[in-house]
Amino acid sequence: MLTTQGGRRQQLDALQIPYQHPYAKHGIVATLGTGKAPCIALRTDMDALPILYLKAHEADLTGTVKLLFQPAEEGGAGAKLMVDEGALDGVSAVFGLHVWPTAPSGHIQTRVGTLMAGTDKFYIRVNGVGGHGGTPHLVKDTVLAASAVVMNLQPLISRETDPTEGGIIGVTLINSGKLLCPGSPNVHAEYVELQGTVNSFTTSGLDHLKSRIIQVAQATTAMYGCSSVITWNPIAYIPVVNQAGMVARLQEVGRQLEAIKHTELLDRPTFVAEDVAFFNDAVQGVFVFLGIGNTTLHTNEKLHTPLFKMDDSMLPVGAALHASMALQYGHPTMGAALKGLDKVPSDEL
C-alpha cells in the first residue's frame, strides 16, 4: 500500500515533473515552468493536487510554479517547517484554498487582510491529593479545582477582551475520575487533565491571552490547595493574512472561470486557524474558501464533525482555481487560457 508521500511521488514521476523531498519530514516541492521569475507556489496538504491541469498548460507558463505538498497541517505546523527548510526559496507569491461547507457550492470566499485567527493549544494538568469519596476532607479535590479553572477562564474573553477584537478560549476535553479510574466513582483522582484552544486575530492578542491563562490556572488551583502545570503546542499558529494584490488576482480568476458562481469578499475574519499563515507571512499570498455546501447532497454540514461530506463536483473547480492562479500570476492578461479549465470531469483527477 502506498503512503501518501509515495503516491504523490509516483504521480510526479509518471508525469516527469521534477521534485525535491523531504520537507518537514514528509513534504514534497515539485517544480513546473521555466525556472525563472515570477514564481508562485500552490499549497496543498498531502492530498492529491490535480497537477494534470498545470502539466497540460506548462507551455503557457512564462515563469515558475512550485507545488507544495505539505504535511502536518493539523497541529504540526508543517507550513512553518517547510518555510524554515527553504521550500519558498525563490518564490514571490503563494495560493491555497480550503473547502468550506457553509458556503454554497461554486462560491468562493476570502478577504483582504486577516482572514483567519492565530491559535495555540493548551494542556493543563491539575495536581492534587486523591482519596476515598467518603473522606473528602482528606483530599485536595482536583475535579473541583479544574471546574473552577474552566469557569474562571471565561471572563478573559467576556470581561478582558475588546468585543470589537474578539477572542476564544475553549476547554474542549476534560479527563478525570472514570477515565483515569475506571469503575471507581468513589475515588477522588490525583489529577485532572484539561485541553483546549485559544484563538485571536492578532499575535499580540494571542500572547496576552496565553499569559492570562497561565495566571488564572495557577491562581485558581492554588485556591483549592492544588497546583497546575500548563504546556502548549511546540509552535503557535499566527493569523492568516491576505495581501490585497493577490486578492485582486483571485477576483479576476473568479470572473474567468465559469464554474465560479460568485466571489465574495467577507466583511469579517473567522476564528478558525490554518498554518498556511506561515506561507502568507513569508511571501505575498491569498487563501480562499471554496464552497461545497449543497443541501441536496447534504454537503453543508460543519467541518470537524462526523457528518462532514464532500461535494465531489467541486474537485475540478478547486484544481482549476490552483492552475488558473498560477497561469494568471505569470500572465495577468491570459484570460482566454483560463477558459474551460474547470470542465475536466472529477473522475479524471
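Everything quoted here is computed from the prediction, not taken from an experiment. Positions are given from 1, in the same order as the sequence printed here.
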May I have the list of side-chain donor-acceptor pairs in residues 134-142 shorter than 3.5 Å, sequence neighbours left out?
{"residue": "Thr135", "atom": "OG1", "partner": "His132", "partner atom": "O", "Å": "3.3"}
{"residue": "Asp141", "atom": "OD1", "partner": "Val143", "partner atom": "N", "Å": "3.0"}
{"residue": "Asp141", "atom": "OD1", "partner": "Leu144", "partner atom": "N", "Å": "3.1"}
{"residue": "Thr142", "atom": "OG1", "partner": "Ala189", "partner atom": "O", "Å": "2.9"}

Any donor-acceptor pair under 3.5 Å from Thr161 side chain to Leu156 backbone
yes
Ignoring hydrogens and angles, tell me if any N or O in the side chain of Ser324 forms a donor-acceptor pair with the backbone of Leu321 under 3.5 Å.
no
Hey, does the side chain of Thr114 reach the backbone of Val241 with a donor-acceptor pair shorter than 3.5 angstrom?
no
Checking Asn152 side chain against Val216 main chain: does a donor-acceptor pair fall under 3.5 Å?
no
For Lys80 and Asp84, run salt bridge (Lys or Arg N to Asp or Glu O under 4.0 Å): C-alpha distance rounded to whole Å, both residues' side-chain angles, the deciding distance at 0.1 Å, then the answer.
CA-CA 6 Å; Lys80 185 178 189 307; Asp84 291 346; 2.9 Å; yes
Start with the C-alpha gap between Lys66 and Asp89, add the side-chain angles, then the distance that decides, and say whether salt bridge (Lys or Arg N to Asp or Glu O under 4.0 Å) holds.
CA-CA 10 Å; Lys66 285 191 176 184; Asp89 288 354; over 6 Å; no
Ser228 versus Ile124, closest heavy-atom pair with distance
CB-CG2, 4.2 Å
Using 30° and 60° as the class limits, which term best fits the ring planes of Phe271 and Phe201: parallel, tilted or perpendicular?
parallel
Over 12 non-hydrogen atoms of neighbours within 6.0 angstrom of CD in Gln251
yes
Would you call Glu252-Arg255 a salt bridge at under 4.0 Å N-O?
yes
Tell me whether His26 contacts the main-chain N or O of Pro22 through its side chain, where contact means a donor paired with an acceptor under 3.5 Å.
no
Give a yes or no on whether the backbone of Lys121 and the side-chain of Asn233 come within a donor-acceptor separation of less than 3.5 Å.
no
Grab the two heavy atoms, one from Gln284 and one from Ser92, that are nearest each other, plus how far apart they are.
CG-O, 3.0 Å
With distance as the sole test, does Thr220 use its side chain to make a donor-acceptor pair with the main-chain N or O of Ala217 at under 3.5 Å?
no
Identified side-chain hydrogen bond (donor to acceptor under 3.5 Å, both in side chains) counterpart of Ser105 within the set Thr299, Asn294, Asp311, Thr295:
Asp311
Any sub-3.5 Å donor-acceptor pair from Tyr23's side-chain atoms to Gln70's backbone N or O?
no
Quick one: do Val253 and Leu265 end up in the same hydrophobic cluster if we chain Ile, Leu, Val, Met, Phe, Trp and Tyr together by side-chain heavy atoms under 4.5 Å apart?
yes
Look at the aromatic rings of Phe289 and Phe287 and report parallel, tilted or perpendicular, splitting at 30° and 60°.
perpendicular
Of all the heavy-atom pairs spanning Asn199 and Ala273, show the shortest one and how long it is.
ND2-CB, 4.5 Å
Counting N and O atoms only, with roles assigned by atom type, does the side chain of Glu85 sit under 3.5 Å from a partner on the main chain of Ala24, one being a donor and the other an acceptor?
yes
Exam field: side chain Asn242 to backbone Arg111, donor-acceptor pair closer than 3.5 Å:
yes
